[in-house]
S.K.: 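I am attaching a structure below and will ask some questions about it afterwards.
Only heavy atoms go into these numbers, but all of them, side chains included; no hydrogens, no water, no symmetry mates. Being a predicted model, the structure only gives us computed values, none of them experimental.
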Amino acid sequence: FSRLSASRMQAIKYTRGSLELLNQKLLPHQMVFEDASTVELVYDAIKDMKVRGAPAIAISALLGLAAEIHKLRPISAASPPAGYADLDEAMATLFSKLDF
């Protein structure tokens, strides 16, 4: 790799509520980013060795949880997050995600 191409390489792409991880098993022949916007998808990527290295694993796990939390945001302060009866149900779901 030249210095320029190495500086542009990234293995993790995150925007609020969305996470994509570089499938490192396909390197160096292909650069394929896969959706990992849920804790379960990040867990599978780590377990299947698509994400490698302690820093990348830790950051991916954290950002996968952040993407899930972003999806729990309520539409308004007076209403529960979409898809949940109340805030307690949403929080219980979030805490269950920490068991991975």
S.K.: Compare every heavy atom of Leu21 with every heavy atom of Ala45, then report the nearest pair and how far apart it is.
M.R.: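 Heavy atoms of Ala45 and Leu21 come nearest at CB-CD1, 4.1 Å.
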S.K.: Measuring from atom NZ of Lys25 to atom CG of Asp48, what distance do you get when rounded to the nearest 0.5 angstrom?
M.R.: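 It is 5.5 Å, given to the nearest 0.5 Å.
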S.K.: What's the shortest heavy-atom distance between Ala56 and Ser60, and which atoms?
M.R.: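 Minimum heavy-atom separation between Ala56 and Ser60: O-OG, 2.7 Å.
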S.K.: To the nearest 0.5 angstrom, please state how far the CE atom of Met49 sits from the CG atom of Asn23.
M.R.: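 Result: 11.5 Å between the selected atoms.
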S.K.: What residues form a side chain to side chain donor-acceptor pair (under 3.5 Å) with Asp35, not counting sequence neighbours?
M.R.: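 If we apply the side chain to side chain donor-acceptor pair (under 3.5 Å) test to Asp35, skipping adjacent residues, the hits are Ser37.
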S.K.: Can you tell me how far the CG atom of Leu63 sits from the OG atom of Ser18, to the nearest 0.5 Å?
M.R.: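 The OG atom of Ser18 is 10.5 Å from CG of Leu63, to the nearest 0.5 Å.
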S.K.: Quick one, Gln10 and Leu22 - any side-chain contact, counting heavy atoms below 4.5 Å?
M.R.: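 No, their side chains stay 4.5 Å or more apart.
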S.K.: What residues, two or more places apart in sequence or in another chain, satisfy side-chain contact (heavy atoms from CB on, under 4.5 Å) together with Ile57?
M.R.: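 So Ile57 forms a side-chain contact (heavy atoms from CB on, under 4.5 Å) with Ile46, Val51.
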S.K.: What is the minimum heavy-atom distance between Ala66 and Tyr14, and which atoms define it?
M.R.: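 Smallest interatomic distance, heavy atoms only, reads CB-OH, 3.7 Å.
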S.K.: If I take atom CD from residue Glu68 and atom CG from residue Leu41, how far apart are they, to the nearest 0.5 angstrom?
M.R.: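 Those atoms lie 8.5 Å apart.
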S.K.: Between Glu20 (side chain only) and Phe33 (backbone N and O only), is there a donor and an acceptor less than 3.5 Å apart?
M.R.: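 No: the side chain of Glu20 does not pair with the backbone of Phe33.
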S.K.: Got a sec, which residues hit salt bridge (Lys or Arg N to Asp or Glu O under 4.0 Å) with Glu34, two or more places apart in sequence or on another chain?
M.R.: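 Partners of Glu34 by the salt bridge (Lys or Arg N to Asp or Glu O under 4.0 Å) criterion, ordered by chain and then number, come out as Lys50.
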S.K.: Quick one, Ile59 and Leu62 - any side-chain contact, counting heavy atoms below 4.5 Å?
M.R.: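 Contact flag for Ile59/Leu62 side chains = no.
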